[in-house]
Asker: 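Quick one: the structure is below, questions incoming.
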Amino acid sequence: MVMPPFSIDGGRAVGPSYGLVLTRGARDAVLESLSVARFSGWVSPAPTGEEPWTVAVAEDPLGHVASERRTLPELARDLARDLAPGSGSPDDASPEHVPDGERESAETLAPEGASGRPEVICAVVRAETLLTIAAFDGEQQLVDYLSDAHAARPGDEFAWGPEGAHGGRALARLSGRPDAGEDAVELLGEELGESENESERIMALARLLGWPEWLVAVVGLPKRVAGGPPVEDWQRLRAGRSGLTGRLAARAARTVRRRDLTES
């Protein structure tokens, strides 16, 4: 697997930021929800039995990724709600919200999580120095993880080390690998060395929990995803639209969305 490029700053690995959402929910339902939410980013092609995950990659992982100035974890929460059985379609959902040719037949729908509800997992890497993970089962948030509390809250003198590593058990269960729960807890609880970066943790989680091992390569979008699906097979959404309509919608969205909320 090709690792994202990174440099060394003060002895610590520093690299790109990226954010993604994984789910084993039906891809057509995922696209519908993301389109209605006016999501900006990319959606992976139809999952297969060997790799049952649909992956959505945010264009601006540290900023607003959808309407109502939602961040990626907030969008993941709403996606989980939309995918929950009995929730119905999003309020303003309609066929035109889903790009042409993106509805799969029943034979291609991915399996749901072990709970019977499609799980939604959100991971955001900030400059390779901070990893946050949120995971939802329906409307319930089961994982709220920070790899470095001090990096997330530098003004808090009591913040230090990983927080929420116990969520590894729920993360393993939602990924269909409940027996890997203790290993996931241990992996999330590790503090990185000065020459290590958070993509290494993502890769280890992917191997452990059966996630696509090319996840860290999504930083190559829109050019390529090394080891992953061809770029032309990804669905590009700009403010929930594709093509020229999407470009115009994205231009309007940029007037109200911030690209990086970590900047002062």
Asker: Going through the distances and angles, do Arg70 and Asp78 end up as a side chain to side chain contact (heavy atoms under 4.5 Å, CB included)?
Answerer: CA-CA 10 Å; Arg70 278 172 284 182; Asp78 293 342; 2.9 Å; yes
Asker: Below 3.5 Å, can you tabulate the donor-acceptor pairs from side chains in residues 177-192 to any protein atom, sequence neighbours excluded?
Answerer:
residue: Arg177; atom: NH1; partner: Leu208; partner atom: O; Å: 3.0
residue: Glu182; atom: OE2; partner: Arg169; partner atom: NE; Å: 2.8

Asker: Under 30°, 30 to 60°, or over 60°: which ring-plane class applies to Trp53 and Trp211, parallel, tilted or perpendicular?
Answerer: perpendicular
Asker: Distance check, rounded to the nearest 0.5 Å: Asp60 atom CG versus Asp260 atom CG?
Answerer: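 Reported to 0.5 Å precision, the distance equals 8.5 Å.
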Asker: Taking the side chain as every heavy atom from C-beta outward, state whether Leu22 and Leu215 have any atom pair closer than 4.5 Å.
Answerer: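 Yes, side chains in contact.
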Asker: Could you tell me whether the side chain of Gln140 and the main chain of Asp137 form a donor-acceptor pair under 3.5 Å?
Answerer: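 No; judged by distance alone, with no hydrogens or angles, the pair does not exist.
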Asker: If we only count heavy atoms from C-beta on, is the Val55 to Val21 side-chain gap below 4.5 Å?
Answerer: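 No, every pair of side-chain atoms sits at 4.5 Å or beyond.
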Asker: Please examine the side chains of Glu213 and Met203, heavy atoms only from C-beta on, and report whether any two atoms are closer than 4.5 Å.
Answerer: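 Not touching, per the 4.5 Å side-chain cut-off.
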Asker: Side chains of Thr129 and Glu198 only: does a donor on one sit below 3.5 Å from an acceptor on the other?
Answerer: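 Side-chain D/A pair, Thr129 to Glu198: absent.
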Asker: Check the surroundings of atom CZ in Arg153: do more than 12 heavy atoms from other residues, nucleotides or ligands lie under 6.0 Å from it?
Answerer: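 Yes, the 6.0 Å shell around CZ holds more than 12 heavy atoms from other groups.
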Asker: Could you give me the CA-CA distance, side-chain angles and deciding distance for Leu237 and Leu31, then say whether side chain to side chain contact (heavy atoms under 4.5 Å, CB included) is met?
Answerer: CA-CA 9 Å; Leu237 293 177; Leu31 272 169; 4.3 Å; yes
Asker: With a 3.5 Å distance limit and no angle check, can you tell me whether Arg38 reaches the backbone of Ser35 through a side-chain donor-acceptor pair?
Answerer: yes
Asker: Kindly compute the distance separating CG (Leu72) from CG (Leu62), expressed to the nearest 0.5 Å.
Answerer: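 Output value for this atom pair is 10.0 Å.
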Asker: So, applying salt bridge (charged side-chain N to carboxylate O under 4.0 Å, His left out) with Glu59, which one of Arg257, Arg254, Arg236 is it?
Answerer: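 In the set Arg257, Arg254, Arg236, the residue that makes a salt bridge (charged side-chain N to carboxylate O under 4.0 Å, His left out) with Glu59 is Arg236.
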Asker: Is it the case that the side chain of Ser147 and the backbone of Leu131 share a donor-acceptor pair, with hydrogens and angles ignored and the cut-off at 3.5 Å?
Answerer: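 Yes, Ser147 side chain to Leu131 backbone: donor-acceptor pair under 3.5 Å.
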Asker: Could you state the interatomic distance from CG (Leu205) to CD1 (Ile133), rounded to the nearest 0.5 Å?
Answerer: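 With rounding to 0.5 Å, CG (Leu205) is 5.5 Å from CD1 (Ile133).
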Asker: Can you see which heavy atom on Ala226 is nearest to which on Ala217, and at what distance?
Answerer: O-CB, 3.4 Å
Asker: Between Gln141 and Ala134, which heavy-atom pair has the shortest distance, and what is it?
Answerer: NE2-CB, 3.8 Å
Asker: Does the side chain of Ser175 pick up a donor-acceptor pair with the side chain of Glu119 at under 3.5 Å?
Answerer: no
Asker: Shared ILVMFWY cluster between Trp160 and Leu146, side chains joined below 4.5 angstrom?
Answerer: no
Asker: What is the distance from atom CZ of Arg126 to atom CG of Leu261, rounded to the nearest 0.5 Å?
Answerer: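 Answer for the CZ-CG pair, Arg126 versus Leu261, is 11.0 Å.
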Asker: Considering non-hydrogen atoms only, spot the tightest contact between Pro212 and Ala206 and give its length.
Answerer: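 Scanning both residues, the minimum pair turns out to be O-CB, 3.7 Å.
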Asker: Ala76 and Val120: which non-hydrogen atoms are nearest, and at how many Å?
Answerer: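 For Ala76 and Val120, the tightest heavy-atom pair comes out as O-CG1, 3.6 Å.
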Asker: Hey, quick one: are Val43 and Phe136 part of the same hydrophobic cluster, counting side-chain heavy atoms closer than 4.5 Å, chains of contacts allowed?
Answerer: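 Hydrophobic grouping puts Val43 apart from Phe136.
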Asker: Heavy atoms only: give me the nearest Pro45-Pro229 pair and the separation to one decimal.
Answerer: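 Between these two residues, the closest heavy atoms are CG-CB, 3.5 Å.
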Asker: Checking Thr71 side chain against His64 main chain: does a donor-acceptor pair fall under 3.5 Å?
Answerer: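 Checking the backbone N and O of His64 against the side chain of Thr71, no donor-acceptor pair under 3.5 Å is found.
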Asker: Evaluate Asp28 against Glu32 for side chain to side chain contact (heavy atoms under 4.5 Å, CB included), listing each step before the verdict.
Answerer: CA-CA 6 Å; Asp28 61 344; Glu32 183 172 358; over 6 Å; no
Asker: Glu74: what forms a salt bridge (charged side-chain N to carboxylate O under 4.0 Å, His left out) with it, not counting sequence neighbours?
Answerer: none
Asker: Rounded to the nearest 0.5 Å, how far does OH of Tyr18 lie from OG of Ser199?
Answerer: 2.5 Å
Asker: Hey, is the main chain of Arg238 close enough, under 3.5 Å, to the side chain of Ser40 for a donor-acceptor pair?
Answerer: no
Asker: Take Glu51 and Trp214, measure what side chain to side chain contact (heavy atoms under 4.5 Å, CB included) needs, and give me the verdict at the end.
Answerer: CA-CA 11 Å; Glu51 198 167 84; Trp214 44 260; 3.0 Å; yes
Asker: Starting at OH of Tyr145, measure out to CD of Glu163 and round the result to the nearest 0.5 Å.
Answerer: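 That separation rounds to 10.0 Å.
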Asker: Write down the atom of Ser242, the atom of Gln235, and the distance for their closest heavy-atom approach.
Answerer: CB-NE2, 3.5 Å
